[in-house]
Amino acid sequence: MSHFPTAYVEAPDLEKLSELRAKTERQVLGIIHSKLEIGLNFVALVEEPYSNGNPDHAGQLLWRAEQAVIEVKQLLPVLTEDQYRSVGPNPNKLQEALDRLG
C-alpha cells in the first residue's frame, strides 16, 4: 500500500461557504426571473397588433423566447422548493404562449 503525500488544507470556513452559496442561489433566481421576463416580453412583442408584421422578425423574437425557456428549464432543478414557488407560474405561461404561437 503506497501513501501519497498531501498538502495540508485548512478546513473551509463554513460561514463563508454558506454566504457564497446563498449569493449564488440569489443570482440563479435573478437569472431565472430575468430570462422569464425577457421571454414574456418577446412573446408580447410578437402578439402586439401593431407589430411590423415582418415574419422574420417575429420568428427571431420567438426563437429568443424559446431560448429563454430552455435556459430557465436548465436552471429550475437547482432551486429549493421555496425558490421554485417564488418563480410562480411564469415558466408555464411562457411555454403556453410559445405553444400557442408556434
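Predicted, not measured: the structure shown is a model, and the values here were computed from it.
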Indicate every side-chain donor-acceptor pair of residues 60-68 with a distance under 3.5 Å to a residue at least two apart or in another chain.
none

For this session: State which residues pass side-chain contact (heavy atoms from CB on, under 4.5 Å) with Asp99; sequence neighbours excluded, sorted by chain then number.
Result: Gln95
Can you list, pair by pair, the side-chain donor-acceptor contacts under 3.5 Å of residues 81-89, counting residues two or more places apart and other chains?
from	atom 1	to	atom 2	distance (Å)
Glu81	OE2	Arg85	NH1	2.8
Asp82	OD1	Arg85	NH2	2.3
Gln83	OE1	Thr80	N	2.8
Gln83	OE1	Thr80	OG1	3.3
Ser86	OG	Gln83	O	2.6

Problem set entry | pair Pro91-Leu36: side-chain heavy atoms closer than 4.5 Å | yes
Exercise. Going by heavy atoms in the side chains, are Leu75 and Leu79 under 4.5 Å from each other?
Worked result: no
Exercise. In chain order, what residues pass the side-chain contact (heavy atoms from CB on, under 4.5 Å) check against Ile38, with sequence neighbours excluded?
Worked result: Phe42
Exercise. In the single-linkage hydrophobic clustering (I, L, V, M, F, W, Y; side-chain heavy atoms under 4.5 Å), do Leu29 and Ile31 co-cluster?
Worked result: yes
Exercise. Can Val72 be reached from Leu101 by stepping across I, L, V, M, F, W or Y side chains whose heavy atoms are under 4.5 Å apart?
Worked result: yes
Exercise. Judged by atom type as modelled, is there a donor-acceptor pair below 3.5 Å linking the side chain of Ser34 to the main-chain atoms of Gly30?
Worked result: yes
Exercise. Does Lys16 have any side-chain contact (heavy atoms from CB on, under 4.5 Å) partners at least two apart in sequence or in another chain, and if so, which?
Worked result: Asp13
Seminar exercise, completed: Sorted by chain and residue number, the salt bridge (charged side-chain N to carboxylate O under 4.0 Å, His left out) partners of Glu71 (sequence neighbours excluded) come out as Lys35
Exercise. Partners of Arg21 by side-chain contact (heavy atoms from CB on, under 4.5 Å), sequence neighbours excluded?
Worked result: Glu25
For this session: Answer with yes or no whether the hydrophobic clustering places Val78 together with Leu20; edges join I, L, V, M, F, W, Y residues whose side-chain heavy atoms lie under 4.5 Å apart.
Result: no
Exercise. Is there a path from Leu76 to Leu98 through hydrophobic residues (I, L, V, M, F, W, Y) whose side chains come within less than 4.5 Å of each other?
Worked result: yes
